[in-house]
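The block underneath contains the structure these notes are about, expressed in structure tokens.
In what follows, residues are counted from 1 in the order of the sequence shown. Note that these values count all heavy atoms, side chains included, but never hydrogens, waters or copies made by symmetry.
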Amino acid sequence: MNKRIILLGFFALQIASTWAQKQPLNHTVYDNWQSITANEISRTGTYIYFQILPQEGDGKLYVKNNLNKDLFSLPRGYNASLTNDETNLVSLIKPKFEDTRQAKIKKKKPEDMPKDSIAVFSIVTGKLSKFSDVKSYKLAEEGNRYFGFLTDGKIEVRTKTDTTASQTKKTVKGATLHVFDFATGDTLNFQYVDQYDFNKAGNMLVFSKKVDAKDSISHISGVFLYDFTKKSLKKITNGRGDYKNFTFDDSGQQLVYLGDRSSEKSLLKDFNIYYYTTKQDSSRIVVRQQTAGVPKNWYVSGDGDLKFSKNGEKLFLGLAPIPPVKDTTLVDFEHAKVDVWHWQDDYLQPQQLINLKKDLAQSFLSVYYPKQNSPIIPLVDDKFNPVRTTLEADQEYVLATSDYGKRIETQWDYRSRQDVYVISTISGARQLVIENLSGQSFLTPDGRYVVYFNQENGNWYSYQIDLRKTTTLNDGLPVSFVDEDNDMPAKPNGYGMAAWAVDNKGIYIYDKYDIWYFALDGSDHYMVTNGYGRVSRIVLRYQNLLHAKDKRKETNILDQRQRVILTAFNEKTKENGFYELKGKHNDPKVIVMAPKAFKNLQASGDQKYVLYTKEDYANSPDLYLNDNAFKKEDRLTNLNPQQANYNWGTAELVKWTTPAGHAAEGILYKPEDFDPNKKYPIIAYFYEKLTDGLYNYQAPAPTPSRLNISYFVSNGYLVFAPDISYVTGQPGKSAEEYINSGMQYLAQNTWVDAKKMGIQGQSWGGYQVAYLITATNMYAAAWAGAPVVNMTSAYGGIRWQTGMSRQFQYENTQSRIGKTLWEDRDAYLANSPLFHLDKVTTPVVIMSNDNDGAVPWYQGIEMFTALRRLQKPVWMLNYNGDEHNLMLRQNRKDIQIREQQFFDHYLKGSAAPKWLKSGVLAKEKGVDWGFSTE
């Protein structure tokens, strides 16, 4: 027994010694912390490629085979593509991070900044080719022989003068199109290229040349077609112009594009549609403003897309009203600049101004039959929203929605009620499916049905177009298809659709846990997952692993004749994994469930191999390859090995009961060297519900203003992330119910220092911080990012990033008052911290930025000036020009230091830095950041 005690004591000392050797995270570690992005598995499953990026600096592209053998790595490689035959990989290469940094320091012009390069790697031979100053590249959808890339550069031109036969040389700026031959490594080069594209098969290339009209070689401008089979170049449109949106049909026999030949100074562009077939010598204009069918005072939009139907019979194009043109003879300083707000405008002026560029570029779908040369058929006008076709677009009907006459109400009701139509591409006739729908609508892949979800009653419907028949799909079923946990005033959202049936006769739809099949004609329905999800409290969702080999073919298909993979989330344990489903009425079978987070699942075309990332709080996401039975897992990466040198932490699920008797749960993060015999300061970080992320990795990173959880845990703090459920009309009290009770529950443990508790939240979390410090004095420190403190003024405010009114938030969504200001003024006052700040005893830091597009930054000013007037300890940070969530990395780094110093001072007793003690005066700005504690 004594020997056993001695051995246990020895091992305990060894473990303690190991922990003691690990240092806490510091603010210098962020830049080198890595992540995986752009991971792909090839269609055959032979190759895997992905990027590994540091938070700041140069990343690297990697290519491996399915035996985990390294084939190729490319420093700074990104936006990689594998050819269809999987023999070559093309990737852009970013400039070196330090080169770009130095260019910014030197304030170089955009055209003088370091440019991308491009790499071509032959997987077969291992040969690598590189080219510099690349603007873009394109591969054919199916071709494997060639690809094209455009480079910026200088072109040497030889010209003749009028008085002599001798030639002179001059250098002009111009882009060159390089066509790379994968087989030979040779390039075919075309100068002065503006736009370019391949046909689907990759045996035809179209491009435009644009040369300044004043240039002596301007005659070369126009549109050219290169035939790779014949190795011939043909000019199909002559003359300088703006040619774009080159579009081949699927067969490669038809080509269309937009062209504008008007002066560059013209304020009104005059785009026409050019049409070419392989039987023509040159292209011809087939659609212009004067074409039959184009509405009066409308024209061809230069911003509209061009798209052929699969069979090549139909060409979809965009028309638009001719916009008014500004009178350039007016003198600006003699005329007023004023925004006129009108109470009957569809949208508020700020929203109109934000969307001005998009609205001016808006086009409306029309159809043209090029082989018949028939009149244009406008399908919609400017009262409609964007139109949806099937992927093939061969079918007669398209799906269109209109919220015309219903847009004003989106000011207070975020949902846009819409009338849903199907429109014939033969006649243009419109058929009303449903009026005033609040929900979603879908056109089936074969174009025979419309399926829609009605949020008002929570039902799913099908509409058979030829019979004009509506069927309630879930009629009489004793299960809800809407969010059962909705705690907002608005009607709950649906759980959504999973997939279409392989025969186009049915649809798969989610309830909270399970998947249902519904025949579109209403003849059949059943629960695909046999109720297993609800009984087990496991959320099952279809994982679509199909490769989009043909872009015309719908891939969101669930075929029950085949093995179906489902993602699984256990609500009780928060574990994640995968199940398989076989047959109609069988329970799903578990493949793997683990205390991990699996993400980015992909499969090879035959689904023999699967690729995914796996992580938990203690383990950085790494990339894994496995067989489809999940029995042969192979780890492809080993990110962030340096983490082993730092004191990390653990994450565990905590459950308690609130004072009102509600079951509650949250995540408790503890340091790796946690000692139950010590007392720890604790910080609560919250938003709404966070426990579903129990097994998510929390990388140390300068955050947009959220709590940097891994940093604080590593530095000896406990961090608690409680879930919050809300009662309409009482968002503040609801936060109090869950956050305070959770912290009090934890404070019963001897290792929690109940006198050193802090709270931190951003945005909606910032509001809750502001509310809590008016309701209790249990917190020694508080940090509120972008908080709302006055719901009466915020209710009438603007979300400046979108231009929308904030009223919908209070009446229907997150702010959860559920009524207008005039219907329940008391609720707005009771839930506004501003009116209760005289009760505050907790020191608080506010972050409110002057370019916040979500919460008006004067909310932070109201809070700061009120607390200053009351002579309460308060500080405010305004990161100049930054947004609601910090976007600039230097600002993110700055706020990490300030949060650490603030909480260290109030929760650990560390010395206060200058910015806390005496502030940073305006005259010191940019000279002294106030971090010094001396």
Side-chain angles (χ1 to χ4, degrees), residues 309-311 386-401 420-422 433-434 437 439-454 459-467 469-475 477 479 481-482 493-511 513-530 533 540-567 579-585 588 601-603 605 607:
S309 58
K310 183 179 181 180
N311 60 19
V387 176
R388 285 166 281 171
T389 69
T390 63
L391 291 177
E392 293 180 342
D394 289 338
Q395 293 77 12
E396 177 180 355
Y397 290 97
V398 298
L399 181 66
T401 61
V420 181
Y421 296 84
V422 287
V433 176
I434 181 175
L437 175 67
Q440 302 165 290
S441 56
F442 310 90
L443 187 64
T444 57
D446 63 0
R448 294 180 58 241
Y449 285 85
V450 175
V451 176
Y452 62 90
F453 168 72
N454 190 329
N459 289 329
W460 284 87
Y461 299 84
S462 69
Y463 177 84
Q464 190 170 345
I465 296 172
D466 59 348
L467 300 179
K469 178 184 177 183
T470 300
T471 301
T472 307
L473 296 177
N474 60 313
D475 188 33
L477 291 178
V479 65
F481 290 87
V482 300
N493 292 316
Y495 288 107
M497 69 169 284
W500 300 107
V502 68
D503 60 3
N504 290 321
K505 293 182 179 180
I507 185 173
Y508 295 88
I509 296 173
Y510 296 125
D511 70 16
Y513 298 102
D514 290 295
I515 305 173
W516 292 72
Y517 169 81
F518 294 95
L520 295 173
D521 63 4
S523 62
D524 190 18
H525 66 261
Y526 55 87
M527 195 186 299
V528 177
T529 47
N530 212 31
L540 300 169
R541 293 296 181 255
Y542 172 56
Q543 181 68 51
N544 182 10
L545 297 176
L546 297 177
H547 269 259
K549 186 175 182 179
D550 183 352
K551 292 182 180 179
R552 294 285 194 177
K553 186 176 181 181
E554 177 64 59
T555 58
N556 190 24
I557 297 293
L558 195 159
D559 186 353
Q560 287 186 255
R561 299 169 301 180
Q562 307 294 325
R563 177 176 182 255
V564 175
I565 301 296
L566 307 176
T567 62
Y579 276 65
E580 66 177 357
L581 186 64
K582 294 180 180 179
K584 275 190 176 182
H585 302 293
L601 181 70
Q602 303 174 45
Q607 298 191 20

Got a list of side-chain donor-acceptor pairs under 3.5 Å for residues 493-506, not counting sequence neighbours?
unit_1, atom_1, unit_2, atom_2, d
Asn493, OD1, Gln455, NE2, 3.0
Tyr495, OH, Glu484, N, 2.8
Asp503, OD1, Lys505, N, 2.9

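Between Ile515 and Leu566, the closest side-chain pair of non-hydrogen atoms falls below 4.5 Å. Side chains of Tyr542 and Asn556 form a contact here, defined as non-hydrogen atoms less than 4.5 Å apart. Here the side chains of Pro445 and Thr390 are not in contact, with every heavy-atom distance at 4.5 Å or above. Taking the side chain as every heavy atom from C-beta outward, Thr555 and Lys553 never approach each other to under 4.5 Å. The side-chain heavy atoms of Val451 and Gln440, taken from C-beta on, include no pair separated by under 4.5 Å. For the pair Val420 and Tyr452, the minimum side-chain heavy-atom distance is 4.5 Å or more. Contact check for Tyr508 versus Val528: side-chain heavy atoms found under the 4.5 Å cut-off. Here the side chains of Val479 and Trp516 are in contact, with some heavy-atom distance below 4.5 Å.
Annotation for Leu546 and Ile557: closest pair CD1-O, 3.9 Å, computed over non-hydrogen atoms. The two residues Gln607 and Leu545 come nearest to each other via the heavy atoms NE2-CB, 3.9 Å. Minimum heavy-atom separation, Asp394 to Asn311: OD1-N, 2.9 Å. Nearest heavy-atom pair across Ala393 and Arg552 is CB-NH1, 4.4 Å. The two atoms that bring Arg541 and Asp514 nearest to each other are NH1-O, 4.0 Å, heavy atoms only. Across Leu473 and Ala519, no two heavy atoms sit closer than the pair CD2-O, 3.5 Å.
A salt bridge links Asp559 to Arg561: at least one charged side-chain nitrogen sits closer than 4.0 Å to a carboxylate oxygen.
Residues satisfying the side chain to side chain donor-acceptor pair (under 3.5 Å) test with Thr471, not counting sequence neighbours, are none. With sequence neighbours left out, Asn454 forms a side chain to side chain donor-acceptor pair (under 3.5 Å) with no residue at all. Here Tyr397 pairs with nothing under the ring pair (Phe, Tyr, Trp, His ring centres under 6.0 Å) rule; sequence neighbours left out. Every residue two or more places apart in sequence or in another chain was checked for a side chain to side chain donor-acceptor pair (under 3.5 Å) with Asp524, and none qualifies. Scored by the side chain to side chain donor-acceptor pair (under 3.5 Å) test, Gln464 finds Tyr449, Asp466 as partners (sequence neighbours excluded).
Atom CD of residue Gln562 and atom CD of residue Glu580 lie 13.0 Å apart, to the nearest 0.5 angstrom. Note: Asn544 CG to Ile565 CD1 = 11.5 Å, rounded to the nearest 0.5 Å. For the atom pair CG of Asn474 and NE2 of His525, the computed distance is 9.0 Å after rounding to the nearest 0.5 Å. Taking CG from Leu467 and CZ from Arg448, the interatomic distance works out to 8.5 Å, rounded to the nearest 0.5 Å. Within the model, atoms CD of Gln602 and NE2 of His547 stand 7.0 Å from one another, a figure rounded to the nearest 0.5 Å. Note that CG of Leu601 and CD of Gln543 are 4.5 Å apart. Values are rounded to the nearest 0.5 Å.
In this pair, Trp460 and Phe453 present their aromatic rings tilted. The plane angle is within the 30 to 60° band.
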Show your working on side chain to side chain contact (heavy atoms under 4.5 Å, CB included) between Lys310 and Asp550 and close with a plain yes or no. CA-CA 11 Å; Lys310 183 179 181 180; Asp550 183 352; 4.2 Å; yes
Using side chain to side chain contact (heavy atoms under 4.5 Å, CB included), reason through Thr529 and Asp511 one step at a time and then give a plain yes or no. CA-CA 11 Å; Thr529 47; Asp511 70 16; over 6 Å; no
Could you walk me through whether Thr401 and Ser441 pass the side chain to side chain contact (heavy atoms under 4.5 Å, CB included) check? CA-CA 9 Å; Thr401 61; Ser441 56; 4.0 Å; yes
